[in-house]
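All of these numbers come straight from a predicted model, not from anything done at the bench. Order of the sequence lines fixes the chain letters, A, B, ..., with proteins taken first and strands second; residue numbering starts at 1 for each chain.
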Amino acid sequence: MTSTEKPRVRFAPSPTGFLHVGGARTALFNWLFAKHEGGTLLLRIEDTDVERNKPELVDGILVALRWLGIEWDEGPFFQSQRIEMYSAAAERILASGAGYACYCKPAAYTGGDAAEEREGEGDDEGKGTKAVACPCRDLTSEQRVAKEKEGIPAAIRFRTPRTGTTHFEDAVFGPRDVQNAEIEDFVLLRSSGLPTYQLSVVVDDIDMRITHVIRGADHLSNTPKQVLIYEALGAEPPIFAHVPLILGPDRTRLSKRHGATSVGSYAEEGFLPEAFRNFLALLGWSSGDDSEFMRTNELVERFALSGVSRTNAIFDRAKLEWFNTQYLQKPPVEELLPYVEMELKRAGLWKEAWATTDRAWFAHTVDLIRSRTRLLGDFIGWARAFFSDDFEYDPEARAKFWKDEKLPELMLKLTDALEGLPEWNHDACDAALRAVATSEGVKAGLLINATRVAIVGRAVAPPLFETMVVLGKDRVIARLRRALPAISAR
RNA sequence: GGCGCUAUGGUGCAACGGUUAGCACGCGGCCCUUUCAAGGCUGAAAUACGGGUUCGAUUCCCGUUAGCGCUACCA
């Protein structure tokens, strides 16, 4: 890469049906880096594994990326449609002598068992040895011809140098030198003709002129193999940036056991994309100072690979929720309106007027409610009564605030007093209620709390008088009268 | 097993040889108060362990331990 060139990065997930939070963070870092540098982000689907090569498994990833607001400039490209390139590259490596045909039968990986088996057998030898080369490495041409005649399908392996070291630069982990003796003769092209990850990733990154490979640290150990391929192909390796992994609360890799692990599930739960982004950005990266709440433009402005940490991070849902609360409450309400609209539509509560004639009311109401929300679902949850007359009284709220025996009588008086109000605003309601409390010799809080339950059905809600104004006189009076029997019944 | 990476409160990050080790989430308390939030103040809480190097180590080096990753004809 020449210094005048703008960086080109890529996000290259394999199709798993959904976007994992770890993948989302990798995508985010790539995106932030590209935006910050004025570079280009490509999306590439790594579907060379036939079992994962299903179109429907890609959709979930695209949907999740769009939800996150991560847009790519080129792609998506599908490796499954570029197969010829990989075999051509493998043939070139074979022809150059940097690779060789291997006729061994594939040793299928079976998880921990295989590893244990390998340990178990040959206790005396083989233990603690360096990477062993496949016997096919040194086949004579006659032997090779014989194998071919037998019709044994060949894979192409890389002929790793037995000596020397392989070097590469990692923007996060620094310069790295690995002993070639530690690197086995890995497979480039499977006997099926399909490439392995090591090959396809390099061929594509060369072809797509990728300048910075930003990916999970789980790829760090295999990077030397890829550098070897770059060299065999006569290409300059990119700069690597391996970002630490995201772990579950038990410090193991994030998985279903830890609950929600796909970004789609957070979208459904009512998290805001920007809150999720901000939270994710801080998992393994910091701006250098103590800034945490950073709007997206600030994230883009401040993002740098030098701020990426080398230690694995644990996904902390409580902090995610805190971020969501911040993003629900701090930005201008207008930004929130579309999300609330979607939520209301989902619950079948949406009225078109709120987008037109009553837009001001809608904005004001959302503004009032959001001061005590944590998730978007709260708007149709405890705040349902702001948007619908069809709501229920929370049993706990009733038990707590409709307990006083004088309440039926008091509430009737209060309702009448409110109904007689010539003006309906915060102060008028406030004064009317306090007047009743004073003349009846009770604390205003008694009436305030009882009224809140009557008009919104909940013990937890925004300040009462503002709520009354937003709901309007007619509704408040109607709801108070409707609640009277229930209050009497307690 | 081999190779590698990492190691600051429960969690996420600061401090990149000299600070009373800072911030945020979470937790406790107080203030505010009309419920609940938000906000303000405040408390408890950390340099994994052992050796070096240095006038001085969270910081540099070595070892130990622990966690994680890789070690597939998965990606």
Does [X] make a side-chain N or O approach to OP1 or OP2 of [N] shorter than 4.0 Å?
{"X": "Gln326(A)", "N": "G39(B)", "value": "yes"}
{"X": "Arg317(A)", "N": "C25(B)", "value": "no"}
{"X": "Arg458(A)", "N": "C36(B)", "value": "no"}
{"X": "Thr48(A)", "N": "A75(B)", "value": "yes"}

Who is the Watson-Crick or G-U wobble partner of [N], with both distances under 3.5 Å?
{"N": "G50(B)", "answer": "C62(B)"}
{"N": "U19(B)", "answer": "none"}
{"N": "G28(B)", "answer": "U42(B)"}
{"N": "C5(B)", "answer": "G67(B)"}
{"N": "A57(B)", "answer": "none"}

Does [X] reach a base, just sugar-phosphate, or nothing at all? Heavy atoms under 4.0 Å.
{"X": "Gly216(A)", "value": "nothing"}
{"X": "Leu283(A)", "value": "sugar-phosphate"}
{"X": "Arg176(A)", "value": "sugar-phosphate"}

* To do: Rounded to the nearest angstrom, tell me the gap between atom CG in Asn278(A) and atom C1' in C25(B).
  =>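 The answer, rounded to whole Å, is 13 Å.
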
